[in-house]
2 protein chains.
Amino acid sequence: MFQIDLKNRKSIYEQIVDNVKELIITGVLNAEDKLPSVRELSKTLTVNPNTIQKAYRELEYQGYIYTVSGLGTFVAAHTGLPIDDNKIAQIKERLRENTRELFYLGCSLEKIKSILDELLSERSDWNDKSK
Amino acid sequence: MFQIDLKNRKSIYEQIVDNVKELIITGVLNAEDKLPSVRELSKTLTVNPNTIQKAYRELEYQGYIYTVSGLGTFVAAHTGLPIDDNKIAQIKERLRENTRELFYLGCSLEKIKSILDELLSERSDWNDKSK
DNA sequence: CCTAGTGTACTATAATAGATAGTACACTGT
DNA sequence: ACAGTGTACTATCTATTATAGTACACTAGG
């Protein structure tokens with residue numbers, strides 16, 4: 001599934017949150033897919049069950065997964081949810097920061113434009129494939 | 001200059017690093033500008049001098065500022081430095097993550113495109129002004 | 001009903017990071 | 001000499017992180 005990097009400055013549960021979120025966003029995990037149980041994932045990653053639980057709780061709070069007591073943890077469906085303008089604004093701000101930094105590092109406008117175009121075409125490709 | 005948000009989950013020294021970096025990237029602080037001294041900034045922000053020192057050390061490590069013992073801390077000039085392709089690749093990856101997330105949150109391709117175009121035009125405007 | 005597997009809650013402990021407090025020293029320019 | 005600068009160091013406190021262990025309620029399948 002993924003690995004934990006102990007040298008990473010990010011804490012273990014944060015790495016789990018980010019990795020699972022990544023798998024969901026990229027479509028490796030789809031809605032209603034079952035995630036490994038707390039105990040199982042704690043064995044494969046050799047971390048404490050409580051740490052997994054903390055990560056799953058955070059993911060549930062952010063709306064990426066849901067749990068059914070006694071059954072397990074599953075990827076949440078997000079279709080039909082009202083578009084979260086607040087969250088989108090936050091991401092936009094992060095994008096702005098990153099483009100600013102590219103500019104500061106000496107990237108020309110053309111270079112930045114080509115990078116953004118490439119990212120957009122990646123989304124287009126994905127859109128075509130899923131049809 | 002800026003404020004520290006104690007409620008923020010980010011640590012104080014990280015907030016200082018991010019804020020100063022922001023001021024440099026956006027051009028509020030220019031090369032060779034003098035930053036507040038460790039003791040001065042610790043007073044205005046009412047945080048410990050050691051915390052300021054930690055932030056400045058990190059900023060120096062990242063190449064944004066430099067210090068002259070006995071004189072003070074200054075914004076580093078970055079022109080003439082070889083373009084750091086590694087750093088650019090990292091930022092590109094962050095941009096990719098963010099666009100993926102926008103897509104996952106239900107943004108249409110047109111919406112994403114308009115956001116990226118807007119960010120690019122902000123860079124163009126800035127470029128024009130500085131001429 | 002029993003059992004295995006699931007999420008959940010709780011206490012306790014240890015380790016680490018973050019922040020503060022205080023002191024001291026070397027350097028710079030006036 | 002002096003004031004202002006960065007720097008280094010120890011010590012202490014707190015919050016976060018991670019681990020360990022236990023316990024309980026729920027679900028599905030014999």
Would you kindly give the [atom1]-to-[atom2] distance between [X] and [N], to the nearest whole Å?
X: Tyr13(A); N: dA15(D); atom1: OH; atom2: C1'; answer: 12 Å
X: Leu41(A); N: dT19(D); atom1: CG; atom2: P; answer: 12 Å
X: Tyr66(B); N: dG6(D); atom1: OH; atom2: P; answer: 13 Å
X: Gln53(B); N: dA8(D); atom1: CD; atom2: C1'; answer: 7 Å
X: Glu60(B); N: dA8(D); atom1: CD; atom2: C1'; answer: 15 Å
X: Asn8(B); N: dT16(D); atom1: CG; atom2: P; answer: 13 Å
X: Ile52(A); N: dT17(D); atom1: CD1; atom2: C1'; answer: 14 Å
X: Arg9(A); N: dA15(C); atom1: CZ; atom2: C1'; answer: 19 Å

Extract all donor-acceptor atom pairs below 3.5 Å that involve side chains of residues 31-41 of chain A and protein atoms in other chains or at least two apart in sequence.
| residue | atom | partner | partner atom | Å |
| --- | --- | --- | --- | --- |
| Glu32(A) | OE1 | Tyr66(A) | OH | 2.6 |
| Asp33(A) | OD2 | Asn30(A) | N | 2.8 |
| Ser37(A) | OG | Glu40(A) | N | 3.1 |

Problem set entry | Reported CG-to-OG distance for the pair Leu102(A) and Ser108(A), which is rounded to 0.5 angstrom | 10.5 Å
[X] and [Y] ion-paired at < 4.0 Å:
X: Glu22(A); Y: Arg100(B); result: yes
X: Glu14(A); Y: Arg9(B); result: yes
X: Glu110(B); Y: Lys113(B); result: no
X: Glu101(B); Y: Arg94(A); result: yes
X: Glu97(B); Y: Lys92(B); result: no

Problem set entry | Closest-nucleotide ordering on DNA chain C, the 5'-leading residue of Gly72(A) and Arg57(A) |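 Per heavy-atom nearest nucleotide, the more 5' residue is Gly72(A).
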For this session: For the side chain of Glu40(B), starting at C-beta, report the closest nucleotide among dA18(D), dT5(D), dG6(D).
Result: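 Shortest atom-to-atom distance from the side chain points to dT5(D).
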Determine: side-chain N/O of [X] to OP1/OP2 of [N], distance under 4.0 Å, yes or no.
X: Thr67(B); N: dG6(D); answer: no
X: Thr51(B); N: dT20(C); answer: yes
X: Thr73(A); N: dG7(C); answer: yes
X: Lys54(B); N: dA19(C); answer: no

Problem set entry | Contact state string [nucleotides 21-30 of chain D, B base, S sugar-phosphate only, - no protein heavy atom under 4.0 Å] | B-B--BSS--
